[in-house]
Every structure is written in C-alpha cells, then in structure tokens.
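These numbers were taken from a predicted model, which means no experiment stands behind them. Lettering of chains follows the sequences in order, A, B, ..., and the numbering in each one begins at 1.
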Amino acid sequence: MGEREDDDGLMARVAAGDEKAFRTLVDRHADRVFALARRVLRNEADAQDIAQDIFTRLWTRADSYRPGRARFTTWLYRVVINACLNQRRRPGNAVSSELGEDPPDPAAGPDGLAVAGQMRDRLSRAIDRLPEGQRTAIALTLNRELSNREAAAAMSISVKALEALLVRARRTLRAALADETSGG
Amino acid sequence: MTLEEFQDLLERRGTDPGAWSVGQRRRARRLLERSAEARRRHAQAERLADELAELREPAPPELRARLWDIPARHPRAAVSHGRHTVPTVAMGWLGAGAAAGLACFLAGMALGALWLDRPEDVDLATVVYSEIVSEEEWL
C-alpha cells in the first residue's frame, strides 16, 4: 500500500468515473500544466483558462485517452501546447498573448535570498522575452522531466529542430545570467 | 572534442552526461580533464540548468479549487470502485447479445465511414485542438 499509481492507471479509473483518481491527477499535474501554459502564453489568466479546459476534457473525455503511445506527461504537454497555440490564434489574441503580463521588478534586497530571487525573476523575464518556439522548448525541458525526444514529441517537431531551439534559447539565457552576475 | 563542440553539446543536450552519446561522453571527459575553460563552461551551464529547474510557477489556489470542482460540475455515471458482480442471469442473453452486437458493429462501420472526422472518434490530443503546428512555424 502507498505505492504511487501510474498516470495510465489513474486515467483508466477516471474513464470509469472515479473522482478520486481525477483529483489525484489534478494534484499531480496542475502545476506543470499551468506553468507550461503560462510560459507559452505569457498571460496568467489565459493559462488558467487553458488549465481548466484541459482538465475538464480529461474528466469528460478520459475514454479517448490511448495509453502506451507515449508517456502520459508527454501526451499532456502536447495537449497543453496545442491548446495554447489555438488560444493564440484566435482573433484578437495574438497581440495580448505576445505582450503578456510583465512580472514586477523585485525590490533590491540586502540578503542572499533576495538576490537569488532577483536572479530568478530576471531569468524568468528573459525566458518570457524569448520567441515562442524557444520559450516553449525551454519550458518543456527546464525541470529535467522530459528528454529532448519527449519534448520534441510534445511540440510535434524533430529532435534536431528542438535542439536548435534549445541552443538559441540557452545562449540567450546564459548571456542574461552572465549580465546578472556581472551587474550588467 | 573542441571547446566549441563541447559548448554546442551543452546547449543542445544539456549538462547531464546521460543525455550524451557514449562517444560524446568519452570525448567530453577527456576535454574536461585537460581544459580549465571546458570545466568553467560546464559549471556555467550547470548553473543555468539549476536556476531553470528552480523556477516554480505553482497553480494558484483558486485554480486548484476550480479543477477539483470539475467532477461536481460535470457529473458522470457512478463507478463501482473496483467491485465486480458476476451477472449470472446475463449468461442467457449472450446469444441475443452477440447477434445485436454484430448488427451494431456492421452499422457502426457504415456510419464510421461517414463520421471519421467527428471529434469523438479521435485521440483527445487532437479532438480539442484543431491545428498541428508545422516545424517551420517553430523555427
């Protein structure tokens, strides 16, 4: 008892109408769904809408899920990305999603924690300034959960294309981090 | 392996040697043993990877509450929670059921040919989202 049930098993139970299994999936994946949508759209309200839409469809259409083709998280990330792209393409949304919400400039702090927080805020803003493809590639790989192959599958591109995006993104972010530490 | 190749490897595949090929690991290890600059670049890439991994954007509490509430707003049929009952009387209906099932199957095949693009017939990953982004749009 206490062994963690895998996502495919939970989805099978959700398909049978098991609310507890659904809530376990929410607890397990809500953060990553929201975080990925927020990164891609650069808009918190839109990201919340996307997350709600996706989990609603997970609940109502769980019987459409096909286990075994890919890891559940890879499939889930692909659903999130597709949802974000559709959101972006709706008339009137392209500009608002590009502008997004700018994180507030953190106040200077005297201690190391505040400095570390400032660095992360600046890194976060640097990610938000990346072009969409690079931003999405970084968002998929930043927590080290997905391999490059899985991230490429989530974006429906080749591994080579994903790595090209990562190279550009990491160079930009490396420069941003170097500017931060040199006081630039 | 040159410094430029090593830098490209770090940016392309990340800092985890497990993500590199066997040959890349071997050549990278030899470079790291002899080059202080390679070690500096590796440390820099590790630092970026660590900072990225620390970025957290938890779902807001109000969003979590709404997600938890989804089953209540979209009621489904009750589930038996794993308890199975053997339908002893169903044995007598198997013959009729098989015939009805065959008829339904044939009808479904005919209807399916007309309705293949109905959202209910396709994978959830595409039923929600109508477009697949081409690689060119990403790059």
Side-chain angles (χ1 to χ4, degrees), chain A residues 13 16-19 22-23 26 30-31 33-35 38-39 44 48 51-61 64-66 75 78-79 82-83 85-86 89 119-120 123-124 127 132-133 136 138 141-144 147-148 155-158 161 163-167 170-171 173-174 177-178, chain B residues 7-16 18-19 41 44-45 47-60 62-64 66-82 119-139:
Chain A
R13 286 167 53 196
D18 189 334
E19 295 183 17
F22 174 76
R23 293 195 175 109
V26 168
D31 286 349
V33 167
F34 171 74
R38 218 292 301 162
R39 281 286 171 211
E44 178 164 331
Q48 290 202 29
Q52 182 150 358
D53 182 49
I54 285 171
F55 279 101
T56 298
R57 291 175 189 271
L58 273 182
W59 170 248
T60 59
R61 301 300 320 282
S64 297
Y65 175 68
R66 307 284 188 268
W75 172 84
R78 179 167 178 175
V79 172
N82 283 355
L85 295 175
N86 270 359
R89 288 171 184 177
M119 189 183 304
R120 282 184 200 134
L123 187 58
S124 185
I127 294 172
E132 185 179 85
T136 305
I138 282 289
T141 55
L142 60 80
N143 61 7
R144 298 162 172 160
S147 65
N148 281 4
M155 289 177 70
S156 304
I157 60 176
S158 66
E163 290 179 351
L165 291 170
L166 287 175
V167 166
R170 284 171 173 153
R171 281 182 191 161
L173 296 177
R174 181 160 48 90
L177 209 59
Chain B
Q7 184 70 53
D8 185 75
L9 177 65
L10 292 173
E11 286 165 349
R12 197 169 293 277
R13 298 282 175 93
T15 58
D16 177 10
R41 293 189 189 193
Q44 187 183 53
R47 184 167 162 242
L48 174 60
D50 288 343
E51 291 294 339
L52 289 172
E54 286 297 313
L55 293 178
R56 297 266 184 267
E57 288 194 78
E62 65 272 19
L63 172 62
R64 280 187 172 274
R66 288 202 302 276
L67 298 181
W68 264 58
D69 202 42
I70 286 170
R73 285 185 278 110
H74 299 272
R76 299 260 301 274
V79 66
S80 67
H81 294 287
E120 290 83 355
D121 296 316
V122 299
D123 189 284
L124 183 60
T126 54
V127 71
V128 179
Y129 315 114
S130 56
E131 298 181 64
I132 300 295
V133 182
S134 69
E135 196 158 298
E136 289 71 28
E137 291 185 71
W138 283 117
L139 299 174

J.: Given a strict heavy-atom distance threshold of 4.5 Å, which part of A:R174 is in contact with chain B: side chain, backbone, both, or neither?
T.: both

J.: Are A:L166 and B:R13 close enough, and set up right, to give a side-chain contact (heavy atoms from CB on, under 4.5 Å), and what steps lead you there?
T.: CA-CA 8 Å; A:L166 287 175; B:R13 298 282 175 93; over 6 Å; no

J.: Mind checking the CG-CZ spacing from A:L165 to B:R12? Nearest 0.5 Å is all I need.
T.: 10.5 Å

J.: With a 4.5 angstrom heavy-atom cut-off, which part of B:R73 approaches chain A: side chain, backbone, both or neither?
T.: side chain

J.: Any idea which heavy atoms bring B:L48 and A:R170 closest together, and the distance?
T.: CD2-O, 3.8 Å

J.: Minimum heavy-atom separation for B:A59 to A:A30, with atom names?
T.: CB-O, 4.0 Å

J.: Given that the side chain runs from C-beta out, which part of B:A49 has a heavy atom under 4.5 Å from chain A: side chain, backbone, both or neither?
T.: both

J.: Using non-hydrogen atoms only, which part of A:F55 is less than 4.5 Å away from chain B: side chain, backbone, both, or neither?
T.: both

J.: What are the two closest heavy atoms between B:L63 and A:F34, and how far apart are they?
T.: CD2-CD1, 3.9 Å

J.: Once you round to the nearest 0.5 Å, how far does CD of B:E51 lie from CG of A:L142?
T.: 12.0 Å

J.: Give, as side chain, backbone, both or neither, the part of A:S147 having an atom under 4.5 angstrom from any heavy atom of chain B.
T.: neither

J.: Name the member of B:A19, B:P58, B:G14 that forms the most heavy-atom pairs with chain A at distances under 4.5 Å.
T.: B:P58

J.: Is the backbone N or O of B:L55 less than 3.5 Å from a side-chain atom of A:R120, with the two atoms forming a donor-acceptor pair by type?
T.: no

J.: Under the salt bridge (charged side-chain N to carboxylate O under 4.0 Å, His left out) rule, what do B:D50 and A:R144 come out as? Steps first, then yes or no, please.
T.: CA-CA 10 Å; B:D50 288 343; A:R144 298 162 172 160; 2.8 Å; yes

J.: B:E57 and A:E44: side-chain contact (heavy atoms from CB on, under 4.5 Å), yes or no, with the steps?
T.: CA-CA 10 Å; B:E57 288 194 78; A:E44 178 164 331; over 6 Å; no

J.: Who among A:L123, A:I127, A:N143 has the most heavy-atom pairs with chain B under 4.5 Å?
T.: A:L123

J.: As a quick check of understanding, evaluate side-chain contact (heavy atoms from CB on, under 4.5 Å) for A:T141 and B:L52, giving each step before the final call.
T.: CA-CA 9 Å; A:T141 55; B:L52 289 172; over 6 Å; no

J.: For the pair B:I70 and A:T60, evaluate side-chain contact (heavy atoms from CB on, under 4.5 Å) and give the outcome as yes or no after the intermediate values.
T.: CA-CA 9 Å; B:I70 286 170; A:T60 59; 5.8 Å; no

J.: Considering non-hydrogen atoms only, spot the tightest contact between A:W59 and B:H74 and give its length.
T.: NE1-O, 2.6 Å

